[in-house]
Number of protein chains: 2
Amino acid sequence: MENKLYHAECGVNAAIALFSGRWKVIILHMLSKNTRRFGEIQARIPAVSKKVLTEQLKELEADGLISRKEYKELPPRVEYALTHFGKSLCPLLADIAAWKRKTIL
Amino acid sequence: MENKLYHAECGVNAAIALFSGRWKVIILHMLSKNTRRFGEIQARIPAVSKKVLTEQLKELEADGLISRKEYKELPPRVEYALTHFGKSLCPLLADIAAWKRKTIL
DNA sequence: CAGTATCCGACGCGATACTG
DNA sequence: CAGTATCGCGTCGGATACTG
């Protein structure tokens, strides 16, 4: 993208990309209440497939929004949690929700 | 989407969809400063094709974020402007930009 | 349990040519 | 000037089967 346009949007698109994805907002909201295991997340989002859930979690982790802790046990156990960065996003999502509510009513 | 999940995300995904799109943030930002004609918008975003620009403008209009006024002249003239709803979105985009700046630094 | 591997259809977006 | 029509590609997400 050209510089003029970059300054116009000020990274908004890049920021949006961090939490746009079919299940990311739901995952972030879920983890804001509790650390969760992979299976728990999947159980609470019945419509998501393992492949897609894995992808979304990997992207969220790569973007620094969530952390992944693997316990070397048998059977394996993995815990996902919000990072500090991820927690900082929650108020913004609340603002977005509030904006939508205001305008629909 | 199921009800439980709907309540979890509180319409955030739907709200995000209103302004996620390759050029929507840039268009909204541009129109926040001035009413613009189709050709002016295109000239300021060289990378966008007519087809895609038309699509994005139509979606923004359908979502109530911008208005389209057509003057029956020859050659044709069309003016795009932010609606009140569209203007209400700008502070939110600024918040998103601010969030991103804070965390990158 | 927590993933991978593979296939596939839908959609977003860009390039190009044509039109009232 | 402000579009429409057509084509094609890349990415996203869903379905299913397999694995350490």
Side-chain angles (χ1 to χ4, degrees), chain A residues 1-2 5-6 9 12-14 16-28 30-31 34-63 65-81, chain B residues 1-2 5-6 9 12-14 16-28 30-31 34-63 65-81:
Chain A
M1 192 174 305
E2 289 99 53
L5 298 176
Y6 174 77
E9 61 114 356
V12 177
N13 281 332
I16 293 171
L18 297 181
F19 52 87
S20 63
R22 184 67 185 85
W23 307 106
K24 288 187 182 179
V25 170
I26 292 171
I27 293 168
L28 292 167
M30 188 187 306
L31 295 182
N34 272 296
T35 291
R36 292 285 179 201
R37 302 180 57 169
F38 184 91
E40 291 178 317
I41 300 173
Q42 198 184 13
R44 285 157 183 270
I45 312 178
V48 72
S49 69
K50 289 185 173 202
K51 179 203 140 194
V52 172
L53 181 55
T54 303
E55 283 171 2
Q56 305 255 316
L57 289 169
K58 277 190 173 163
E59 288 173 21
L60 288 169
E61 190 196 358
D63 292 332
L65 290 164
I66 67 172
S67 63
R68 178 184 185 276
K69 200 180 297 180
E70 187 172 355
Y71 297 85
K72 296 289 183 183
E73 307 170 353
L74 222 62
R77 185 161 63 98
V78 179
E79 301 265 15
Y80 291 93
Chain B
M1 189 175 305
E2 290 99 52
L5 298 176
Y6 174 77
E9 60 113 357
V12 177
N13 281 333
I16 293 171
L18 297 181
F19 53 85
S20 65
R22 184 68 185 83
W23 306 106
K24 288 187 181 178
V25 170
I26 292 171
I27 293 168
L28 292 167
M30 189 187 306
L31 295 181
N34 273 295
T35 291
R36 291 287 179 199
R37 301 180 55 169
F38 185 91
E40 291 177 318
I41 300 172
Q42 198 183 12
R44 286 158 183 269
I45 312 178
V48 72
S49 69
K50 290 186 174 203
K51 179 202 138 194
V52 172
L53 180 56
T54 304
E55 285 171 1
Q56 306 255 315
L57 289 170
K58 277 190 172 162
E59 289 174 19
L60 289 169
E61 190 197 359
D63 291 333
L65 291 163
I66 68 172
S67 63
R68 178 183 185 277
K69 200 180 297 179
E70 187 172 354
Y71 298 86
K72 296 288 183 185
E73 307 170 352
L74 221 64
R77 184 161 63 97
V78 179
E79 301 267 13
Y80 291 93

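We name chains A, B, ... by the order of the sequence lines, and we start the count at 1 in each one.
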Just call it for B/Val78: base, sugar-phosphate, or nothing, with non-hydrogen atoms closer than 4.0 Å on any strand.
sugar-phosphate
Base, sugar-phosphate, or nothing: which does A/Tyr80 touch, judged by heavy atoms less than 4.0 Å apart?
sugar-phosphate
If I take atom CG from residue A/Leu53 and atom NZ from residue A/Lys51, how far apart are they, to the nearest 0.5 angstrom?
12.0 Å
Got a second to check how far A/Met30's CE is from B/Glu9's CD, nearest 0.5 Å?
11.5 Å
Does the distance from a Lys or Arg side-chain N to an Asp or Glu carboxylate O, for A/Arg44 and A/Glu40, drop under 4.0 Å?
no
Using side-chain contact (heavy atoms from CB on, under 4.5 Å) as the criterion, point out the one residue from B/Leu31, B/Leu18, B/Ile66 that pairs with B/Leu60.
B/Ile66
Could you give the CD1-to-P distance, from B/Ile45 to C/dG14, as a whole number of Å?
10 Å
What is the distance from CD of B/Gln42 to C1' of C/dG14, rounded to the nearest Å?
13 Å
Using the closest heavy atom to pick a nucleotide of DNA chain C for each, name whichever of A/Pro76 or A/Lys58 lands nearer the 5' end.
A/Pro76
Distance (rounded to the nearest 0.5 Å) between A/Ile41 CD1 and A/Tyr80 OH:
6.5 Å
If each of A/Lys50 and B/Ser49 is mapped to the nucleotide of DNA chain C with the nearest heavy atom, which maps nearer the 5' terminus, i.e. the 5' end?
A/Lys50
Using OP1 and OP2 only, check whether a side-chain N or O of B/Gln56 sits under 4.0 Å from C/dG12.
no
Under 4.0 Å from a heavy atom of chain B: give me the 5'-most and 3'-most nucleotides of DNA chain D that qualify.
D/dC1 to D/dC7
Position toward the 5' end of DNA chain D (nearest nucleotide), B/Gly39 or B/Lys51:
B/Gly39
Please name the pair of heavy atoms, one in A/Glu79 and one in A/Tyr71, separated by the smallest distance, quoted to 0.1 Å.
CG-CE1, 3.3 Å
To the nearest 0.5 Å, what is the distance between OG on B/Ser20 and CD on B/Glu59?
9.0 Å
Under a 3.5 Å cutoff on both atom distances, Watson-Crick or G-U, what's the dot-bracket for DNA chain D ([ ] crossing, | other strand)?
||||||||||||||||||||
B/Leu53 CG - C/dC13 P separation (whole Å)
12 Å
Could you list the residues that satisfy salt bridge (charged side-chain N to carboxylate O under 4.0 Å, His left out) with B/Glu70, not counting sequence neighbours?
B/Arg68, B/Lys72
Measure the spacing between CZ of A/Phe19 and CG of B/Asn13 and express it to the nearest 0.5 Å.
10.0 Å
